[in-house]
Each structure stands twice: as structure tokens, then as C-alpha cells.
Amino acid sequence: MPETSVRVRFAPSPTGVLHIGSVRTALYNWLFARHEGGTLVLRIEDTDQERGTPEALESVFGTLRWLGLDWDEGPDIGGPYGPYMQSQRLPIYQQAAARLLERGAAYRCFCTQEDLARMRQAAEAAGRVPRYDGRCRGLDPDEAARRAEAGEPCVLRFRMPDMERLKVPDLIRGEVVFEAREFDDFIIVKSDGFPVYNFANVVDDAGMKMTHVIRGEDLLPSTPRQLVLYDALECPPPQFAHAPMLLTPERRKLSKRDLPEGALAYRDEGYLPVAVVNFLSLLGWSPGDDREVFTLDEIVQAFSIDRISPAPAVFDKQKMEWLNAQHLKRTPGSELAPLVRERMVAAGMLGPGEPSDEEAGYLVAVVDLMKERARTLNQLVEHSRFFFSDEYAFDEVGVRKRLLKPEGMADILVGLAGSLDAVAPWTAEAIETSFRASADAQGVAHGTAIHGARVAVSGQTVGPGLFDLLAVLGRERTTARLRAAAEKLRAGAFLSGSGTTA
RNA sequence: GCCCCGGUGGUCUAAUGGUCAGGACACGGCUCUUUCAAGGCCGUAGUACGGGUUCAAUUCCCGUCCGGGGUACCA
């Protein structure tokens with residue numbers, strides 16, 4: 001492998017479910033890796049003993065897999081730089097910390113959390129910036145080591161070098177300059193022996209040979225600290241790219257609160273993975289032309305870091321829905337059918353068993369017909385109910401307008417059914433010819449017959465073209481439903497029930 | 001408070017020191033006709049504000065305002 005080969009990583013911490021903002025970060029890393037023919041590493045940053053959960057870890061895997069964002073090295077598949085769970089890398093951090101300690105780049109600090117809280121309060125009361133005052137900086141290292149060995153709790157702090165300012169080169173924002181006096185001697189190892197984020201992150205990114213770090217803008221302020229750590233560790237830093245935040249419509253940072261179920265909730269709502277990826281890719285990035293509907297491959301091909309915008313983006317669900325509709329239309333029914341099927345089974349519209357070839361074919365035909373108008377899989381399922389059961393609901397307005405309205409609709413429907421009995425072959429074209437002829441013979445306007453028949457067989461006033469619909473529905477169902485509706489009309493059954501007053 | 005990042009229609013965005021500032025979602029209207037929730041067409045709406053630099057600024061600079069992020073023994 002050439003040494004110019006790109007290596008990037010997605011490094012979530014498994015606290016709570018994976019949310020959509022993290023997914024966008026994962027996506028940008030994945031796109032960059034795939035575009036460059038590089039390597040994507042999945043690393044789990046579980047150094048927070050208190051907050052990590054196994055469910056959260058499952059959520060990371062599940063979400064990425066659902067979206068088709070695969071990784072080349074990770075906790076489940078290993079790789080040359082493992083392990084890929086930070087909780088299993090403790091010796092590596094300890095070793096790195098020991099090196100810094102030895103060199104005097106880090107020192108032991110025995111201040112308690114109460115001491116620090118007091119310091120902070122005092123500083124705030126005095127209107128000063130709260131920073132660690134460095135009181136343990138000058139402790140004799142040998143003496144400090146003795147106290148630590150004697151069991152006195154302590155943390156390890158990084159000795160901030162003397163410098164005027166810290167410059168962070170960023171692929172998206174150019175050079176970002178921080179004043180060095182903003183930074184105090186920050187903690188790198190907690191008193192429980194675990195490394196703190198900034199430290200573990202740098203040790204791993206350096207150790208795993210990352211060439212680029214693409215992450216959220218919220219991490220930009222911690223980058224200067226990381227840069228001095230790379231320096232102290234004598235490792236070359238990666239190139240940084242801080243992607244803009246995702247905002248709610250109220251312009252708040254998108255967080256777990258906004259979608260407690262996590263990004264997988266969009267699967268449950270009936271979104272296609274490709275649509276979610278397509279939508280997310282366009283939040284903060286654009287290909288530079290007017291294209292908006294992409295396949296995965298097209299996005300990979302078009303992606304580049306320098307076209308990522310620095311400005312935060314509002315997550316607009318309506319646009320995601322539209323994109324989903326576009327992908328629904330473009331995806332063959334045969335591909336959609338398994339997804340639709342599991343939803344129909346869940347909704348009790350289909351049995352859980354293996355479908356026969358005929359049933360499977362019917363489902364594909366229904367999906368091909370209905371996907372043109374649906375915005376989500378769930379909507380498609382909902383609108384397709386009448387294809388699978390005779391127990392479909394009648395739209396009240398539709399009944400009043402299209403069945404009750406023209407006097408004698410019952411006779412018309414029966415007439416239509418009669419002519420359809422003879423149609424062969426059962427194709428949209430043949431159905432239309434026969435249907436229109438029957439309407440003519442009965443002296444009924446085509447529109448009247450069509451509208452009436454639509455409501456009779458589907459209960460709905462909207463949907464695909466009637467003849468295509470009937471072709472899929474089948475002769476048996478069609479004629480039976482036309483006659484059943486006529487029966488019901490004659491019995492006055494449509495008038496019973498509620499809401500017959502306008 | 002302090003530090004950092006942003007600011008093109010309601011939203012996502014394109015472009016540019018000289019353009020009728022382009023596209024998409026949403027919204028409104030029209031249309032197709034067999035319905036619309038699909039398709040087509042049209043429309044409403046934008047360079048946050050104030051200074052500078054310049055023949056010319058949405059674009060470059062400064063300030064203001066607004067929004068976001070950070071400021072932990074969280075990540």
C-alpha cells in the first residue's frame with residue numbers, strides 16, 4: 001500500500017443511541033475513504049465508565065449496517081492496529097502517559113475535584129476565566145511518584161508549553177488561531193487510570209496512522225490541545241476537517257433529545273437507506289452542480305472535502321421525504337418488495353410464511369404500481385391495504401361524491417362487472433377497451449364510471465390510473481368488489497353509520 | 001463572561017469584484033384528465049445591518065447584530 005493512502009476513522013462513544021448528526025460525520029468519513037480508495041476505521045471510544053452501554057454499541061453497528069456504511073478495520077473484524085475498543089487499549093495509553101511523565105511533559109496533580117470546584121468558583125466570582133492554576137506543576141516528580149504509589153489519588157496533567165498562539169489548519173475553514181493563554185494544563189489521565197477523550201483520541205489517531213480527521217465542528221475548540229499532544233508524542237498530526245453542525249428547525253444543535261430512538265427511527269418510518277444517505281450528504285456539502293438525487297456510487301464519486309460548507313445546516317425532514325419518494329420511484333419493485341413485505345407482515349396484512357411464487361409476483365406488481373406516489377414505505381403499505389384484504393375502509397367523501405351521487409350507480413357497477421367478466425387477456429389495455437365500451441353502452445360518462453369503480457374497488461378517490469390498478473388487482477377481486485359495492489348501495493348500507501351529513 | 005466558527009428566499013444550496021443572483025424542498029396558482037398524493041408549467045420570496053477599499057462589492061477589509069459551538073477527572 002502506498003504511504004499516501006488515506007486512512008480515516010469514525011470514532012463514536014457508545015452513550016445512548018447513535019443519532020443523526022453522528023451518522024452524518026460517519027458518512028463524510030465513509031465517502032472520503034471510498035472516494036480516495038482509502039481505509040475506514042471504526043473505533044469505539046468507551047473510556048467513560050459511567051455512561052457507556054452495550055445497547056449503544058449495538059446501535060452503532062446496526063445503524064451503520066442499515067445505511068450500508070461499511071468499515072475496513074474495527075472491533076468486530078479486527079485489523080493491524082487493534083484493538084479497536086478504547087477500553088481494551090489501556091496499556092497503550094498508560095505507556096504513552098508514562099513517556100510524557102518521564103519527559104516532564106506531564107505531571108501528577110493531587111488536587112481533588114472539590115479543590116478544582118473551589119478554584120472555578122473563586123475565578124468566576126472574581127470575573128476571571130476559570131482555569132487550573134498549576135499548583136501541582138512544581139511538585140517534585142519523585143515525591144509525587146511516592147505519594148501516588150502510597151495510594152493517594154491523582155490525575156495526570158499535560159504541561160502546556162509556552163507559546164503565543166496555536167494555529168489549527170483546517171481543510172474546511174482555513175487556519176484557525178487560538179490564544180495560548182486560553183489553555184491550562186489539562187488532564188490527560190483520570191484518577192481511575194482511564195485516559196480522557198483528548199488524550200486517548202490523539203494516542204489512537206497517531207497509533208492508527210490516521211491521515212485525516214473529519215469530525216463535527218463542536219470538536220474544533222479541542223483541536224489546539226490535541227495538536228500540542230501530537231507534538232509532545234512526537235507524531236505528525238493528521239489533517240483536520242471540521243464539518244458544520246446539524247441544527248433543528250429551531251436552530252438548536254441536533255441531539256439525542258430530538259430523536260430519542262436514534263437514526264434507526266428513520267428505517268422504522270419507512271425511509272430507504274440510500275435516501276437518508278443522499279439527504280445527509282447534501283447537508284453541508286454539495287457536488288457543485290444542480291444534481292440532487294444520487295445513487296450511493298454517484299455520491300462517492302462526486303464527494304470531496306473542499307466542497308463541504310462551513311455553515312451549520314438545518315435538518316429539513318420534508319426534503320428528506322421528497323428524496324425518499326424520488327428513490328422509491330427509481331428502485332425496482334422487486335428490490336422494494338422484501339422491505340414492504342416485512343412491514344405488511346408486521347401490520348397483519350400478510351401472513352408470516354414463505355409466499356408462493358404467485359403471491360410474491362402479486363406483491364411486486366402492487367409495489368411497482370404504488371411506489372410512484374408514496375413518500376415512504378409505510379405510506380406505500382398503508383395505501384396498498386385494499387390489495388390484500390376485502391376489509392378496506394371507504395373514504396366517506398368519495399362514497400358520497402362518486403357512488404351515492406349519480407343515481408343508479410349500483411346498476412352501472414354491475415354492468416361494468418359483467419363486461420369485465422369477458423375480458424381476455426386481463427391487461428390494462430384490454431380492460432380499458434371493455435370498460436369504456438360498457439360505459440358507452442350504459443350511456444354513462446367515462447369519468448363517472450371510472451370514479452365510481454375506483455371507490456368501489458379500493459375505497460379511495462386517489463391512486464394509480466384505474467386500469468393499471470385493476471390489471472394488478474385481478475379479475476376475481478375486481479368483479480366481486482364491483483358487485484359487492486352495488487349490493488351495499490342497494491341495501492343502503494353506505495348511508496348507515498356516521499357522518500352522512502355534510 | 002471569555003474563546004472559536006458561521007450568516008445568499010422559510011429550508012438545503014450554486015455562482016460571482018460587473019449575472020435578469022441559478023437549482024431544489026416547502027408554499028400558492030395553473031395544467032394534464034380518470035383521481036392526486038404522481039407528472040408538467042408558472043408564481044411569491046434572498047445576498048443580515050453599517051462603514052470602508054474600488055470606476056464597480058453579495059463577493060475583499062473593519063465594526064455591529066444575529067445564530068451556533070466550546071469553556072468537565074463527558075466525548
Side-chain angles (χ1 to χ4, degrees), chain A residues 11-15 22 45-48 50-52 86 109 111-113 116-117 120 124 127-131 153-157 168 170 172-173 176-179 181-184 186-198 200-201 215-224 242 244-245 247 249 251-253 279 282-293 307 309-323 325 329 371-375 379 383 398 401-402 432 445-455 458 460-467 469:
Chain A
S13 67
T15 58
S22 309
E45 308 218 325
D46 55 347
T47 54
D48 187 339
E50 321 239 303
R51 300 198 304 156
Q86 286 192 331
C109 167
C111 297
T112 64
Q113 302 209 42
L116 298 175
R120 240 191 318 273
E124 269 165 35
R128 282 180 291 112
V129 181
R131 331 164 57 232
C154 68
V155 301
L156 234 51
R157 283 185 185 272
V168 177
D170 185 279
I172 297 170
R173 289 152 217 282
V176 182
V177 181
F178 295 81
E179 297 298 321
R181 59 181 164 75
E182 291 300 316
F183 305 104
D184 55 7
F186 57 93
I187 293 171
I188 57 177
V189 178
K190 303 183 234 178
S191 54
D192 64 4
F194 275 67
V196 99
Y197 160 77
N198 267 326
N201 197 257
R215 55 174 27 165
E217 189 190 345
D218 49 342
L219 264 9
L220 181 55
S222 67
T223 311
H242 289 93
M245 293 283 99
L247 271 30
R251 302 201 71 86
R252 295 270 136 210
K253 179 187 179 185
F279 173 66
L282 260 18
L283 281 182
W285 172 81
S286 90
D289 52 37
D290 285 341
R291 289 179 298 164
E292 294 213 281
V293 185
R307 293 205 61 87
S309 149
V314 171
F315 187 95
D316 175 18
K317 202 171 170 186
Q318 280 192 113
K319 182 137 188 182
M320 181 164 76
E321 224 177 84
W322 173 80
L323 266 172
K329 264 196 263 262
K371 69 179 186 160
E372 296 301 319
R373 281 171 174 73
R375 287 173 86 86
Q379 223 172 67
H383 294 328
K401 234 170 109 182
R402 305 299 193 188
E432 177 162 9
H446 292 182
T448 303
I450 288 168
H451 290 311
R454 176 192 302 285
V455 174
S458 74
Q460 301 173 16
T461 57
V462 298
L466 180 69
F467 306 115
L469 189 160

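Residue numbers start from 1 in every chain, and the chains themselves are labelled A, B, ... in the order their sequence lines are given, proteins ahead of strands.
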query = For the side chain of A:Arg252, counting heavy atoms from C-beta on, which of B:G1, B:G69, B:C5 is nearest?
reply = B:G69

ask   = Quick one: does A:Asn198's side chain get under 4.5 Å of A:Ile188's, heavy atoms only?
value = no

Among B:A14, B:G7, B:C73, the nucleotide that comes nearest once only the side chain of A:Arg307 is considered = B:A14

message = If you compare every side-chain N and O of A:Lys317 against the phosphate oxygens of B:A26 (OP1, OP2), does one of them come in below 4.0 Å?
response = no

request  = Hey, which sits more toward the 5' end of RNA chain B by its nearest nucleotide, A:Gly288 or A:Asp218?
outcome  = A:Gly288

query = B:A26 phosphate, OP1 or OP2: any side-chain N/O from A:Arg375 under 4.0 angstrom?
reply = yes

key: Whole-Å P distance, B:U53 and B:U16   = 26 Å

task = Pick the P atom in B:C30 and in B:C36, then give their distance to the nearest Å.
result = 12 Å

ask   = When the P atoms of B:G46 and B:U58 are considered, how many whole Å apart are they?
value = 15 Å

message = Students often get this wrong, so: under 4.0 angstrom with heavy atoms, is A:Ser286 touching a base, only sugar-phosphate, or nothing?
response = sugar-phosphate

remark   = To the nearest angstrom, the CZ-P distance between A:Phe186 and B:C74 comes to 14 Å

message = Can you tell me the base-pairing partner of B:A21? Count Watson-Crick or G-U wobble geometry only, both distances below 3.5 Å, and say none if there is no partner.
response = none

task = Determine the contact category for A:Glu182: base if any of its heavy atoms lies under 4.0 Å from a base atom, sugar-phosphate if only primed atoms, P, OP1 or OP2 are that close, otherwise nothing.
result = sugar-phosphate

ask   = Partner of B:C27 by Watson-Crick or G-U wobble geometry, both contacts under 3.5 Å, or none?
value = B:G43

query = Would you call the rings of A:Phe315 and A:Phe279 parallel, tilted or perpendicular, where under 30° means parallel and over 60° means perpendicular?
reply = perpendicular

query = Which residue lies toward the 5' end of RNA chain B, A:Phe178 or A:Trp322, if each is placed at its nearest nucleotide?
reply = A:Phe178

key: Nearest-nucleotide pick for A:Val196, side chain only, options being B:A26, B:C74, B:A72   = B:C74

Atom P, compared across B:G7 and B:C61: separation rounded to whole Å = 12 Å

ask   = Taking the side chain of A:Arg454 as heavy atoms from C-beta outward, which of B:A14, B:U34, B:C73 is closest to it?
value = B:U34

query = A:Ile188 CD1 to B:A75 P: how many Å, rounded?
reply = 14 Å

message = Please name the nucleotide paired to B:U58 by Watson-Crick or G-U wobble geometry with both distances under 3.5 Å, or report none.
response = none

ask   = Could you give the NE2-to-P distance, from A:His242 to B:C5, as a whole number of Å?
value = 12 Å

query = What interatomic distance, in whole Å, is found between P of B:U11 and the corresponding atom of B:C4?
reply = 27 Å

key: G-U wobble or Watson-Crick pairing nucleotide for B:U64 (cut-off 3.5 Å, both distances)   = B:A48

query = Can a side chain N or O of A:Lys190 be found less than 4.0 Å away from OP1 or OP2 on B:C74?
reply = yes

ask   = What does A:Glu321 touch in the nucleic acid at a heavy-atom separation under 4.0 angstrom: a base, only the sugar-phosphate, or nothing?
value = nothing

message = Measuring from atom CZ of A:Arg402 to atom CD of A:Gln460, what distance do you get when rounded to the nearest 0.5 angstrom?
response = 14.0 Å

message = Using OP1 and OP2 only, check whether a side-chain N or O of A:Ser191 sits under 4.0 Å from B:C73.
response = no

Pairing nucleotide - B:A72, Watson-Crick or G-U, each distance under 3.5 Å = none

ask   = Only one of A:His242, A:Arg173, A:Glu217 forms a side-chain contact (heavy atoms from CB on, under 4.5 Å) with A:Pro310, so which one is it?
value = A:Arg173

ask   = Looking for any heavy atom pair under 4.0 Å, which part of the strands does A:Arg373 touch: base, sugar-phosphate only, or nothing?
value = base

message = For the P atoms, the ones on B:C25 and on B:C60, what distance do you get once it is rounded to whole angstrom?
response = 29 Å

request  = Side-chain contact test, heavy atoms from C-beta onward, threshold under 4.5 Å: evaluate it for A:Val314 versus A:Arg251 and give yes or no.
outcome  = yes

query = What does A:Pro12 touch in the nucleic acid at a heavy-atom separation under 4.0 angstrom: a base, only the sugar-phosphate, or nothing?
reply = nothing

note = Out of B:C73, B:G1, B:A24, minimum distance to the side chain of A:Lys319 belongs to B:A24

Proximal nucleotide (of B:C5, B:A38, B:C12) relative to the A:Leu220 side chain = B:C5

key: Options B:G69, B:C25, B:A75, nucleotide nearest the side-chain atoms of A:Asp316   = B:C25

query = What integer number of Å spans the P atoms of B:G50 and B:G1?
reply = 25 Å

ask   = Does A:Arg131 reach the main-chain N or O of A:Arg181 with its side chain, forming a donor-acceptor pair under 3.5 Å?
value = yes

message = For a quick check of understanding: with a heavy-atom distance under 4.0 Å over all strands, which category does A:His383 fall into, base, sugar-phosphate or nothing?
response = base

query = Nearest-Å distance, CG (A:Leu283) to C1' (B:U11)?
reply = 10 Å

task = Pick the P atom in B:G63 and in B:C3, then give their distance to the nearest Å.
result = 13 Å

ask   = Taking only side-chain nitrogens and oxygens of A:Thr15, does any of them come within less than 4.0 Å of OP1 or OP2 of B:C74?
value = no

inquiry  = I'd like to know if the side chain of A:Lys371 and the backbone of A:Lys329 have a donor-acceptor N/O pair within less than 3.5 Å.
reply    = yes

ask   = What's the closest nucleotide to the A:Lys329 side chain, out of B:G39, B:U34, B:C73?
value = B:G39

ask   = Is A:Gly216 touching bases, backbone alone, or none of the nucleic acid, heavy atoms closer than 4.0 Å?
value = nothing

note = Paired to B:G9 by Watson-Crick or G-U wobble criteria (both distances under 3.5 Å) is none

query = Do A:Arg291 side-chain atoms and A:Ser286 backbone N/O form a donor-acceptor pair below 3.5 Å?
reply = no

inquiry  = Please determine whether a side-chain nitrogen or oxygen atom of A:Arg251 lies at a distance below 4.0 Å from atom OP1 or OP2 of B:C66.
reply    = no

ask   = Taking the side chain from A:Asp46 and the backbone from A:Pro14, do they hold a donor-acceptor pair closer than 3.5 Å?
value = no

key: A:Leu116 CG to B:C73 P, straight-line distance once rounded to whole Å   = 6 Å

Proximity to the side chain of A:His451 - top-ranked nucleotide from B:G69, B:U34, B:G22 = B:U34

message = Looking only at the side chain of A:Lys253 (C-beta and beyond, no hydrogens), which of the listed nucleotides B:G70, B:U13, B:C5 gets closest?
response = B:G70

